[in-house]
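I have placed the structure first, in the form of structure tokens, so that the comments after it can refer back to it.
Atoms within each ligand, like the ligands themselves, are counted from 1 in listed order.
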Amino acid sequence: MNYRHAYHAGNAADCFKHAVLVWVLRALARKDKPFFVLDTHAGIGRYDLSGEEAQATGEAQAGIVRLLYDDTAALADFLGLVRQLGLYPGSPALIAALLRPGDRAALCELHPEDWAALRGQPFARDPRIGVHRRDGYAAVGAFLPPPERRGLTLIDPPYEQPGEYDRVLAALRAGQARFPGGTMLAWYPVKHRAPVRALHDALRAGPVRDVLACEFLLREPIDPARLNGSGLVLVNPPYRAEAELPPILDALLARLGTGEPGQGAALMRLAGE
Ligand SMILES: C[S@@+](CC[C@H](N)C(=O)[O-])C[C@H]1O[C@@H](n2cnc3c(N)ncnc32)[C@H](O)[C@@H]1O
């Protein structure tokens with residue numbers, strides 16, 4: 001396990017993922033009934049962008065640093081949380097901030113040091129939140145379906161080993177089989193088109209129902225050595241996703257776009273309800 005998210009926190013792909021995550025969590029909170037969130041690959045929770053790792057890559061300069069003082073309505077919720085939470089919030093900090101009194105979350109992280117850092121975060125002492133040093137894919141079998149019968153599973157692996165797109169696909173299939181009404185959000189890198197096309201084709205073939213994909217491309221994905229963009233598979237999207245997510249994607253593209261050929265943001269349906 002060599003991947004450390006601290007080198008990439010707050011980059012354009014993180015802003016895209018976290019802006020959509022905030023929208024999904026807010027949408028779940030529109031109904032009074034409690035929900036459960038499973039974060040299968042949680043990372044350390046919060047990131048110091050002035051720290052050694054973030055400074056080594058400078059990736060946040062083309063991400064959250066460009067957005068922080070923006071006042072566009074479509075990004076106001078996400079950016080308001082980033083300002084409020086201080087250190088750049090990873091998925092655990094955003095989830096923790098948006099849980100209501102009856103909601104719960106389970107955060108899984110396998111890297112021993114990152115797990116220890118996650119466990120040391122202030123929100124890890126919250127009785128609604130469990131921090132687990134365990135394999136996030138196995139957690140899909142262990143935690144779903146939750147007793148709340150409402151919820152979100154976020155699948156955000158590092159893609160450092162071959163076969164990660166296949167493991168994500170298997171987790172989406174297992175997740176919907178175990179918890180048919182649950183919402184799932186799975187991140188994937190877009191370096192070149194072939195693995196993304198294979199993932200989309202597999203999702204179009206079923207059996208997972210009600211699948212959208214959002215994509216955020218910085219440029220034409222032809223150089224597999226670069227992170228040219230990223231995508232999010234959204235299963236069982238909350239009501240109004242197709243109306244409310246495109247303005248968020250457009251606002252991100254207007255601010256984080258590179259101007260290079262092939263940049264773009266899109267929402268597409270891969271499987272019907
Ligand atoms: C992309 S980062 C997660 C970022 C986080 N979701 C966020 O948005 O702030 C992926 C994390 O997964 C962890 N990881 C890798 N393999 C894992 C596994 N099988 N189960 C759980 N965590 C794993 C890595 O150590 C890394 O911290």
Within the 4.5 Å heavy-atom criterion, are F123 and I95 side-chain neighbours or not? no
Got the residues with a heavy atom under 4.0 Å of ligand 1, by chain and number? M1, Y3, H5, K17, H18, T40, H41, A42, G43, G90, S91, E109, L110, H111, D114, R134, D135, G136, D156, P158
Does the side chain of L249 come within less than 4.5 Å of F216's, by heavy atoms? no
If the plane angle is over 60° it's perpendicular, under 30° parallel, otherwise tilted; pick one for Y137 and H41. perpendicular
Under 4.5 Å between any side-chain heavy atoms of Q263 and L253, yes or no? yes
Do the side chains of L85 and W23 join up, straight or via other hydrophobic residues, at under 4.5 Å, putting them in one cluster? yes
Taking the side chain as every heavy atom from C-beta outward, state whether Y188 and H200 have any atom pair closer than 4.5 Å. yes
